[in-house]
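Values in this document were obtained by computation on a predicted structure and should not be read as measured data. Computed over heavy atoms, backbone and side chain alike; hydrogens, waters and symmetry mates excluded.
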Amino acid sequence: MDQSRRRYNGGKQRTVKLEKGYINICKLRTEIDRICPWLKGHQYIMYYHIYRTSPKEYKILTTDNDVNELINQLKGNLRVEIVVAVQEDDVNEPVSNPMEVVSVEEMVECSITKDLEVGTLFNDAKTFKNALRSVAIRNNFGVRIKASDKKRVIATYTQSFQIRRVDGVHTCPGVNRAGNRLATSAWVANEIQDLVKRHPDIPPKEIKSNLEKEYGLSVPYMKLWRAREQARDAIFGSVDDSYKWVPTLKAELLERNPGSHITYTFDSSNHAFQRFYVSFKVCADGFLSGCRPLISVDACHLKSKYLGMLLSANALDGNNGLFNIAYAVVETESKQTWTWFLTNLGVTIGTNLQPLAFILDMEKGLGDAIRDIYPEAEHRVCICHLWKNIKKKFHYKDGQKLQGLVWTAANAYTSIEFYEKLAELSNVSPTIHSYLLSLPYKWSRSQFMKGINHSANTNNFAESFNSWIVEARSKPVVDLVDIIRGMLMEQRAMRKMNSLTWHRELVPQAEEYIRNITTRKEHLIIRQSSVWKAEVEGIHSRHVVDVEKRECTCRVWDVTGFPCIHAVAFIGMKEHPLWHSYIDEHYYVARYRVAYDGAIATLPEKAQWKVLDDLVQIGVPNSSRPRGRPRKRRLINFLEKEKKAHKCGRCGSWGHHRSTCKNSLQKMSDEGTYFTQYGITRRDKLASRRNLDNSELEEFEYSYLDGL
């Protein structure tokens, strides 16, 4: 407003009715504060103009005398315009707020929300802009930033035209459905940070549904995907920057877990990250003291930006629980990386452990690496992967019969049964028979050594570990190592507390085995030779049991560590036998608790890690990243896609459809039945539907054949 001639420059208008006899300056200010809440905290001056008077001048209105003068000048006119002018602060006066937002004339619709009000404080301009974008998107209007610096931000409401009349039915959508330009990927990333922090792998479709629910906003899929990646970087740190934490992570883990074997390697030419190996001392000691000496080694693909492989060595505790010994991040799967991993594993548990067995999935270079580093260890191979390799290599047609022979031979405990199945196999396929005999691995239970106390011929518990850590496999290397560490820490603590509730000598899994085998109903004849030996004869076989040596000629007791059905029958002749004295010590509760004695140390967030001097700055790996986004789901092997055999509805044979059937329907002489397998069922249906006797049915059958 000018001091010489005051005039109205525009702004929002409000109408209020007041009685003349009750008007005073306090009443006017109360009404103005009520209808103009954005004036809160600001100094303002009121001016008035009596409607339809000339010249149009605005007079000041500050005291009750000014109000009385206003009433006297009305003279029957019932309408007065009161203009509010906000007093602006001096430019040179220091600003007390963190930042000056906007002047009242420019706030427009923001005052109607709870997010932005006069007096709201923001830490910086970026925070205010994000809040302003959220208000604009939520209320479905546009905002344009006119000016922005360190001390102020000026934003204006984007003007738009409104349709007053439409001839016909029409709906005008807001800017949110047409692609709001304010909803940038940076803004979306800021809005979904809390959501991504709780669910780092949240799908973009779920983010889209949340934005539509809260803002009524439709955002393209790729923008949502980029926003999620930006939110991850803001919360968990950039993938590229995470590699600089590798030396610090090693130092923190070693300091908090003394005696552990943790190491990493990098390229000496450009300091690019290569490998990271982790084995905690409590895990290594627990394996040596409380677990059966069977180690499953396996590899799985990582899904972060620079990909890579995760190698792991796992065992089973006395209660058949997964027990991790070591894990490592490497660049690829090869004989070189497996040799490096197994060499470090040898440092962890030693290379002269006896007895010791490994089971694997026939990975690249793993068999050669085991023979080089653990020459005395037993080398088992997973029968599932062996069978898939046979199918892939030989493409044998009669797969069901061949599979039955191979799997029966693999599950045989005695050499006699094993070679009987191999003899049958040689008649079916001499090539596959020769291939199985030439393998340098042990794949049948009849070949397993005594003392391992585990009959596993599949590598399922390694696959269980890979599935257990599936969410961590998409994280950068430092976060990956830390997440697995936390999972192992919680697992050990939980199992140790659960074991304190066990009050018997054996673990629950062993108790269940004894309970099941002692209640089996089998007809066995026992002929005792001495206190410790006896012959136990069943329907199809006879075996010799030696309780003192814990042996039976069926070899189940030798391989598993549990007494077989023949030993149980002999031991059960005693009065009140102590079953735990006939079971291997690995199944004792005391041995189980030793395996989980000790705890993996806790680890604070990265900001609290110690800053170490004279450390090599580790860079990103030298891996070649393929185009496109990394796959999250494993590709199904073609051998896993079993083809379902189709049964022909015409001839009853397998392998083709009724529409392509070319087989002739021949009469069969078995009890007057001419049909094939399909025809027999057809005959019963005809008889039941038509209520025909045998002669009538036979006549109808021949006429039906003639029709075919």
Side-chain angles (χ1 to χ4, degrees), residues 361-362 381-412 417-439 443-444 457-458 460 463 631 633-708:
D361 294 346
M362 303 180 71
V381 65
C382 177
I383 184 61
C384 295
H385 291 79
L386 177 60
W387 169 245
K388 291 177 182 178
N389 287 351
I390 292 175
K391 291 177 64 178
K392 183 178 179 180
K393 185 174 182 179
F394 296 99
H395 299 284
Y396 190 75
K397 294 183 179 180
D398 194 1
Q400 294 182 349
K401 183 177 181 180
L402 184 65
Q403 182 180 7
L405 292 174
V406 173
W407 279 81
T408 305
N411 293 327
E417 184 180 0
F418 172 70
Y419 285 111
E420 285 179 355
K421 296 302 175 183
L422 285 185
E424 295 181 28
L425 183 63
S426 63
N427 297 329
V428 176
S429 176
T431 307
I432 298 178
H433 176 265
S434 302
Y435 169 76
L436 292 175
L437 291 179
S438 64
L439 290 176
W443 54 277
S444 174
N457 55 4
T458 61
N460 292 338
E463 303 296 338
R631 289 185 178 272
R633 297 180 181 178
R634 184 176 68 90
L635 293 176
I636 302 299
N637 190 292
F638 80 97
L639 294 173
E640 298 178 13
K641 299 178 181 178
E642 297 289 347
K643 294 183 178 180
K644 296 182 179 180
H646 181 78
K647 184 179 180 181
C648 177
R650 179 173 176 267
C651 68
S653 301
W654 295 86
H656 63 275
H657 290 263
R658 180 185 180 90
S659 59
T660 59
C661 179
K662 298 181 180 179
N663 297 334
S664 60
L665 294 177
Q666 299 177 356
K667 290 188 296 183
M668 300 176 62
S669 60
D670 185 11
E671 297 182 358
T673 304
Y674 64 90
F675 277 102
T676 59
Q677 185 177 1
Y678 168 75
I680 295 173
T681 58
R682 181 82 174 177
R683 185 179 191 273
D684 298 336
K685 291 181 181 179
L686 291 173
S688 60
R689 289 179 181 178
R690 298 177 179 266
N691 297 322
L692 302 176
D693 56 16
N694 291 334
S695 60
E696 293 174 335
L697 180 62
E698 183 177 359
E699 181 180 356
F700 178 83
E701 288 171 349
Y702 280 110
S703 63
Y704 177 74
L705 277 178
D706 294 339
L708 292 178

For the atom pair CD (Glu463) and OG1 (Thr458), what is the distance rounded to the nearest 0.5 Å? 9.5 Å
Nearest heavy-atom contact between Val428 and Lys401 is CG2-CE, 4.0 Å
When rounded to the nearest 0.5 Å, the distance separating CD1 of Ile432 from CG of Leu437 is 12.0 Å
Provide the closest heavy-atom pair for Ala412 versus Ser444 in the form atom of the first, atom of the second, distance. O-OG, 3.6 Å
Could you check if a side-chain atom of Lys391 sits within less than 4.5 angstrom of a side-chain atom of Leu402, using non-hydrogen atoms only? no
Partners of Asn411 by side-chain contact (heavy atoms from CB on, under 4.5 Å), sequence neighbours excluded? Trp407, Arg445, Asn457
What is the minimum heavy-atom distance between Cys648 and Arg658, and which atoms define it? SG-CA, 3.7 Å
pair Leu386-Val406: side-chain heavy atoms closer than 4.5 Å: no
When rounded to the nearest 0.5 Å, the distance separating OG of Ser434 from CG of Leu439 is 11.0 Å
To the nearest 0.5 Å, tell me how far Ile390 CD1 sits from Ser429 OG. 9.0 Å
According to ring-ring contact (aromatic ring centres under 6.0 Å, His included), who are the partners of His656, at least two apart in sequence or on a separate chain? none
Distance from Leu425 atom CG to Tyr435 atom OH, nearest 0.5 Å? 12.5 Å
Is the backbone N or O of Leu405 less than 3.5 Å from a side-chain atom of Thr408, with the two atoms forming a donor-acceptor pair by type? no
With sequence neighbours left out, what residues match Glu420 under salt bridge (charged side-chain N to carboxylate O under 4.0 Å, His left out)? none
Report the distance from atom CG of Leu436 to atom OG of Ser426, rounding to the nearest 0.5 Å. 11.0 Å
